[in-house]
Amino acid sequence: MKRFIARWVYGRTGRMQHRLLSWPLALLSVLAIHAVSAYFVVGLRFNNAPEIYYPPDAPAVQLRDALRRDFPSDEALTVLFHGEDVYSAEFLRRLDALVAQLEGHPLVDRVSAVTNLERISGTADGFVVEPLIDVSRLLGSTAAQRQTRVLGDRFAPGTLASRDGAYLAMVVRPKPLQESGQRLALKVAVAATINEAGLRPYYAGDAGPVTMDVAQLASILQDSIRFVPLTVVIGLALLAWVVGRWRPVAIGAIAMSSVVLPVLAALVASGQPYTMATAILPSLLAAYTVATLLHFYAGVQRAQRATSSRDAIIDQALAETRKPSAFNVLTTGAGLLSLLLVPIPPIQVFGVAGAFGTAMVFVVVQVLVPPILRRWDGKPWPLRASGMGRLGHVARRLALWSVRWPKTVVVALAAIVAALFPWTQKVAVETDMLAFFSPTHPINVDTRRIESALSGVTTLEISVRGPQRDAFQRVENLRQIRRLQDWLASLPEVDRSVSMVDLVEEMHWAMNRERPAFRTLPPSDRLLRQYLLVYDGRDLYELVNREFDHARIVVNLNVHGTAEIRQSIERIRAYLAREPLSGLAVDIGGYGRLLSDQVELLVEGQIHSFAGAFGQIFLFMALLWRSLKASALCMAPNLAPLYFLFALMGATGIHLDSATVMIASVVLGITVDDTIHLYHGYQQRLHRGLSPLWSIVRSYEASGRAVLATTAVLVTQFGLLMTSDFIPTANFGLMTAVALLAGLAFEVLLLPALLLLTSGLPWSWRSALGLRRKPSPSRGSPTTLQDKAPAFAVTTPNELTDTVVPPRRRVLVCHGDACKQAGATDVWRLLREEKAKLVRLGLDETLQLTKTSCLGPCRHAPVVQIYPEDVCYGPLDEAGTAQIIERHLRRGQPVANLVVPASTPTKEDAPRSERPDITW
């Protein structure tokens with residue numbers, strides 16, 4: 001059984017320190033992930049309905065539910081018709097047939113048009129409730145007479161007819177809807193019925209919450225279909241450029257699907273819909289998978305410089321990346337899970353699903369990819385010709401520039417931060433659904449047309465409750481509602497309001513032979529009760545319940561942004577505080593209230609989620625580095641991108657809304673990943689005995705290439721989202737890309753400077769590098785460079801095992817232009833052969849070889865420098881290299897006759913571009 005497990009579960013890992021799954025088991029796991037995920041993904045449910053964006057215990061939601069128990073929904077689909085003959089008998093008959101057919105649809109509660117709108121008309125003995133336009137009596141009137149009757153009505157103008165007579169409207173009120181799919185089905189049914197009725201030539205647009213939800217759903221679907229494949233293709237193309245081979249790219253494609261599909265399957269399995277928030281997940285996780293792969297692939301390329309064994313290459317890459325990747329899962333997951341503190345359910349789902357996705361990235365990249373890569377990609381990867389090699393040089397040069405002038409870098413970046421401060425104060429919290437689309441988008445064009453011809457489509461419901469049953473059969477209570485409506489009419493953002501008071505006044509007007517002076521409330525409670533007893537229509541009971549203890553005022557607003565709606569609500573509340581309705585309880589709800597409450601939810605959620613993400617990530621890094629100082633140093637360059645993010649929002653007028661509220665946590669989680677890799681490499685090199693500056697430069701060359709590559713991939717992929725027609729997606733792409741670029745700038749410029757300035761050593765790059773010139777020994781001294789070395793004898797590998805195990809040493813082999821021309825390649829070959837001997841003896845940790853660019857003493861080329869003794873040798877040939885191996889590396893005895901002064905490059909030694917540029 002042990003042999004079976006060793007072979008088929010872990011595979012034959014030989015002398016690898018990290019156990020790998022066998023490649024058949026890894027491949028089987030990948031196939032199982034795809035099969036199970038595909039089973040669930042086919043049931044993915046698209047839903048971006050407004051209802052899902054509010055917690056069920058929110059006050060606005062509770063008030064909405066209370067209103068729905070007594071009154072129909074304030075949600076509506078307004079359809080506009082335009083034409084010169086909209087009052088003709090033929091058009092009105094078709095319109096009436098359209099209304100009758102739609103009222104039979106299972107999703108429709110009621111349809112209103114001029115052909116079925118109730119009109120209270122006076123009669124000889126009272127009043128009667130009849131249709132505003134009775135299609136059975138069209139032959140007895142002309143189009144002009146019908147138009148006059150409609151425009152003379154109290155309720156039709158501004159609701160179902162334009163005051164200029166050019167437009168008529170139909171208002172479809174659905175039954176309570178919970179999903180975007182239902183609204184899409186309703187809109188499709190309305191469009192199909194309009195075509196069947198022959199009214200398509202008159203169609204001039206539609207607007208309202210139903211239209212908005214359908215438009216958002218369509219944009220989400222279009223963006224998913226368009227950007228998810230493009231993100232994958234671009235990610236793979238950049239991966240190919242960076243790595244230089246196609247097999248790792250194919251494995252990367254498998255890795256991306258192995259991450260994205262399980263996350264979508266988890267959404268389905270948990271009963272969560274695919275929303276505007278979660279629609280970003282496929283592109284985000286695909287990009288994050290590529291970024292994590294690049295760190296692992298960079299480790300593979302670095303390992304190829306020290307060994308040609310595929311097992312050793314994979315083993316070393318895992319040793320370098322597994323621990324940082326594990327902490328990346330914690331920090332990125334913490335950043336995403338902090339979105340649970342945003343009290344908006346889809347954003348919370350995004351946070352949980354994103355955290356699960358980051359865990360899947362670790363499992364796929366660190367567990368499933370290595371055995372597959374080990375089995376199916378055995379050829380060496382290009383080193384210098386690949387994009388990764390080029391990026392390594394860029395990262396190294398940027399780090400060197402930072403550590404040469406650390407104080408200048410810190411001061412300059414601090415000045416930039418200070419200059420941007422005024423812009424951060426201009427960030428506004430706003431959610432305007434219409435602003436999610438371009439001004440030329442049909443929903444904006446149609447909404448402007450409908451609001452110009454009729455009235456605003458944003459609604460508020462003012463709930464008014466009486467102290468007991470029949471409270472609204474008292475005239476005094478109705479007079480208080482009338483005073484409130486009169487005040488509402490004075491607000492510029494209010495187009496109209498309607499309540500039961502308007503219908504009661506119509507009854508009193510009709511009962512008194514339609515004389516204008518009687519368009520008021522009846523003088524007594526007794527007369528009011530008589531009117532209510534005679535009334536046999538249904539419009540009244542959409543404004544007051546049948547117990548007459550709960551009434552509502554429906555208000556149409558011509559504003560759409562949450563900030564403007566909230567201002568309107570605050571004005572109403574301020575008026576009610578000054579002029580309370582005596583004995584009545586008043587609250588404000590409706591679709592507009594739900595939107596306005598997003599301001600409070602977003603501000604509260606942004607503060608809590610950011611504080612939660614910052615606190616968790618700081619704690620994780622403090623545990624990782626076992627130092628609060630190190631954690632603070634690493635957090636500094638990661639907070640800067642968020643500062644730039646808010647400055648960008650203030651400068652461009654991008655609002656904090658339900659889409660942009662997620663960006664801070666996402667950016668913080670991603671940028672921290674790169675910092676962990678860089679600082680982990682820095683710490684490892686410090687522990688090996690390198691100076692702080694060498695540790696910084698080598699860490700940035702080793703991990704910096706992957707950091708630049710991942711940033712290039714992520715910025716390109718998120719930048720692609722900027723081309724979306726859906727403004728939230730475009731803003732998300734723009735701000736994430738800019739924040740990642742800012743994060744990269746601070747990681748490669750600020751972090752090296754901070755590490756050097758806080759290292760406790762002189763911040764001069766020469767002294768920190770340990771390259772001060774050593775004084776030449778005096779003449780006649782027994783340690784002069786002309787001393788003869790003892791007789792030289794080569795030790796065989798078998799004899800080496802009988803000696804004391806040598807201490808750990810690091811040999812820097814100069815590969816600057818002068819050294820390469822003088823024979824550095826032969827020196828490197830001989831040292832590699834010695835390294836191979838030590839590997840066979842299990843002593844490979846005692847010697848580390850590193851190629852560098854110019855070390856300084858070019859006149860003594862080729863040269864090597866050995867640590868921890870900090871001895872520089874040159875000029876070397878094969879015999880001299882053999883002496884160094886035998887005496888210094890094996891026996892710890894410096895070869896005095898080959899020692900040369902270590903120095904920084906001079907003008908005659910090397911050009912400026914060759915000052916210590918290190919490659920590993």
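FYI, side chains are in, hydrogens and waters are out, and symmetry mates aren't considered; it's all heavy atoms of this structure.
Checking side-chain atoms of Arg322 against main-chain N and O of Gln366 turns up a donor-acceptor pair under 3.5 Å. For Thr729 (side chain) and Asp725 (main-chain N/O), no donor-acceptor pair under 3.5 Å exists by modelled atom type. Of the possible donor and acceptor atoms, none in the side chain of Tyr274 sits under 3.5 Å from a partner among the backbone N and O of Asn47. The main-chain N or O of Ile254 is found under 3.5 Å from a side-chain atom of Ser257 such that the two form a donor-acceptor pair. Formation of a donor-acceptor pair under 3.5 Å by the Thr424 side chain with backbone atoms of Ala647 is not found in this model. Checked by atom type and distance alone, the side chain of Ser724 never pairs as donor or acceptor with a backbone atom of Leu721 at under 3.5 Å. Judged by distance alone, the side chain of Tyr643 and the main-chain N or O of Val417 form a donor-acceptor pair under 3.5 Å. The main-chain N or O of His34 is never found under 3.5 Å from a side-chain atom of Ser37 such that the two would form a donor-acceptor pair.
For the side chain to side chain contact (heavy atoms under 4.5 Å, CB included) test with Leu267, the passing option among Val352, Val349, Val41 is Val349; the others fail.
Residues Phe726 and Phe437 bring their aromatic ring centres within 6.0 Å. Aromatic rings of Tyr682 and Tyr700 (six-membered ring for Trp) have centroids beyond the 6.0 Å cut-off, not under it.
To the nearest 0.5 Å, the span separating CZ on Arg226 from CG on Leu720 amounts to 7.0 Å.
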Problem set entry | Residues Thr675, Asn638; criterion side-chain hydrogen bond (donor to acceptor under 3.5 Å, both in side chains); working and verdict | CA-CA 8 Å; Thr675 304; Asn638 290 289; 3.0 Å; yes
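Ring pair Phe614/Phe618 is parallel by interplanar angle, where below 30° counts as parallel and above 60° as perpendicular.
In terms of heavy-atom proximity, Tyr53 sits nearest to Ile344 at O-CG2, 3.4 Å.
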